Number of protein chains: 2
Amino acid sequence: MSELPWRPGSIRRPKPVRTAKIPLTRAEIVRAGLRIVQREGIDAVSMRRVAAEFETGPSSLYAHVTNKDELLQLMFDEVCGMVTPQEPDPARWKDQVKELARTAHQALVDHNDLARAALATIPTGPNALRISNAMMGIMLSGGVPAKMAAWAMDRIFLYITADAYEYSIWRTEVVDAGGQKESYIAQLGEDLVAYFAQLPPEKYPYIQKNAEAMVGGGIEARFEFGLEMLVDGLDKYTSES
Amino acid sequence: MSELPWRPGSIRRPKPVRTAKIPLTRAEIVRAGLRIVQREGIDAVSMRRVAAEFETGPSSLYAHVTNKDELLQLMFDEVCGMVTPQEPDPARWKDQVKELARTAHQALVDHNDLARAALATIPTGPNALRISNAMMGIMLSGGVPAKMAAWAMDRIFLYITADAYEYSIWRTEVVDAGGQKESYIAQLGEDLVAYFAQLPPEKYPYIQKNAEAMVGGGIEARFEFGLEMLVDGLDKYTSES
DNA sequence: TCTAATGGCGAACACCGTTCGCGTCAAGTA
DNA sequence: TACTTGACGCGAACGGTGTTCGCCATTAGA
């Protein structure tokens, strides 16, 4: 039997033996990782960097976590735990789908580029399952057949994760440029418009002519637009209508 | 002015001076990178590994490519060049959108997990632009307003890239397990169904009860399902109807 | 108080991207 | 043809990475 990714226990269950310092438990390590990803991005989350948070070396972490990949999965699930789904209300099912999607998206965006770790995973952690279960419940209550609901949920969460990651890339570039968020984004947008507008019209007529449309609109508005495309496309599968 | 990502020329344009061996040009380096990503995945594409393909050290590459990131972008654009869009046919615009999406998706999937590099980029290479331009033309011909078309294109390509990446993860696990594609995927699917079915029903009722629906369906079918959701959701913006 | 084993972690290994500067080789000039 | 000059290939090194191994201190039990 192939190994399932979720293995809740730790390898060794060490008694809290450390005298001073921070205790160095699995939960504490995950929290440290989340602090780092928030402040410095996922590339900064190295075993050494996390261990440094406890003033120790990287090998100390391996008593609580099998490898870096597991640490990232645990971090992702911890973030999933920050999302609190609502009770299904059949009358508002489409709004509830969007609402849950927005909340999950926001939780990811709040943690910088952690979404990249989520993309590389089939989420099977308890908190991720709680969200999946809630989304499933909302769709089922809205009359979407089980198979369609399962697939749609999969696609929507893929979309959420991908957008959150793309979002973080924009933000990273802004941070690299040293803050001044609004003005820098505006500048980058203007540059892109100029770039598209300067393209040879005989080669790229549609892009060249619609340069502003290509770039325009905030990142949040684009997320919302795609979410609406997905949810609207789901409508035709409901049994009621 | 902030720097635009696409800079078609090389830093130095060395004359083909190498005597024997492979010439070591920008194009040849990109091709070598694509060979490696296809066979060994994007994590194997290191400067050292690419340089080894020319029996030299990594520093030799930096005369033709500013850094690894640029190499990955060039590789992505090269793959985009393998996609040949059709002429817009207003009567079939929705089918054409899907067709172009499928072709681009296939090109990405054919190159293992290269999609990950595409996710980290705002695509501005000439071949990527050719695809964007074609997609834009198809949607405009179908009566989608420019702004909506631009956004929808953005969302659809985000979806394509994310799915291609997720696809590659499945395949990587299969390869790691040493081939036997069908049987291994089936095994992994069964394990997942078993995992979902074994969950406590009072905590995860909807998932537990619909374990088979969660896992069922091929990867290609899921891609198609999401694509249809997106394109169907686009319908309401067309002026004709 | 002595023994045994358990868990923390320093050091090392094999990789990574990137930079620096040396030495070679080809082209240009006399 | 011989010499000078300059550019380019690339070896070596720097500071990072994930992970493993085995020593040592500390603690629990006798």
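Quick caveat, the model's predicted, so the values are computed rather than measured. Numbers restart at 1 for each chain; the letters A, B, ... are given by sequence-line order, proteins then strands.
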Inset, instruction - Could you state the atom-to-atom distance from CG of A:Asp43 to C1' of D:dT17 in whole Å? - result: 11 Å

Inset, instruction - Report the nucleotide, chosen from C:dC16, C:dC9, D:dC10, that has the shortest atom-to-atom distance to any side-chain atom of B:Thr56. - result: D:dC10

Legend entry - Protein-nucleotide distance (A:Glu40, atom CD; D:dG16, atom P), rounded to Å: 13 Å

Inset, instruction - Could you tell me which non-hydrogen atom of B:Tyr165 sits nearest to which non-hydrogen atom of A:Ala120, and how far apart they are? - result: OH-CB, 3.8 Å

Inset, instruction - Return yes if a side-chain donor-acceptor contact under 3.5 Å exists between B:Gln73 and B:Asp77, otherwise no. - result: no

Legend entry - Interatomic distance where CZ belongs to A:Phe54 and P belongs to C:dG10 [whole Å]: 15 Å

Inset, instruction - Rounded off to whole Å, could you give me the CG-to-C1' distance for the B:Asn67 and C:dT18 pair? - result: 9 Å

Inset, instruction - Could you check A:Arg49 against B:Pro58 and say which one's nearest nucleotide on DNA chain D is further toward the 5' end? - result: B:Pro58

Legend entry - Closest listed nucleotide, where the reference is the side chain of A:Tyr62 and the choices are C:dG8, D:dT20, C:dC16: D:dT20

Legend entry - Spacing between A:Ile42 atom CD1 and D:dG18 atom P, to the nearest angstrom: 11 Å

Inset, instruction - Write down the distance between CG (B:Asp69) and C1' (C:dC16), rounded to a whole number of angstrom. - result: 15 Å

Inset, instruction - Would you mind telling me which of D:dA12, C:dG17, C:dC9 lies closest to the side-chain atoms of B:Ser59? - result: D:dA12

Legend entry - Smallest separation among heavy atoms of A:Leu108 and A:Ala164, with atom names: CB-CB, 3.8 Å

Inset, instruction - Between D:dT19, C:dG10, C:dT18, spot the one nearest the side chain of B:Arg48, thanks. - result: C:dT18

Legend entry - side chain to side chain donor-acceptor pair (under 3.5 Å) between B:Gln187 and B:Asp191, intermediate numbers included: CA-CA 6 Å; B:Gln187 181 64 64; B:Asp191 290 351; 3.0 Å; yes

Legend entry - A:Ser60 vs C:dG8: side-chain N/O to OP1/OP2 distance below 4.0 Å: no

Inset, instruction - Would you mind checking if A:Arg35 and A:Glu40 are paired as a salt bridge, meaning a charged N to carboxylate O distance below 4.0 Å? - result: no

Legend entry - Atom pair distance, as rounded to whole Å: CD in A:Glu55 and C1' in C:dG8: 15 Å

Legend entry - Distance in angstrom units between A:Ile36 CD1 and D:dT17 P, rounded: 11 Å

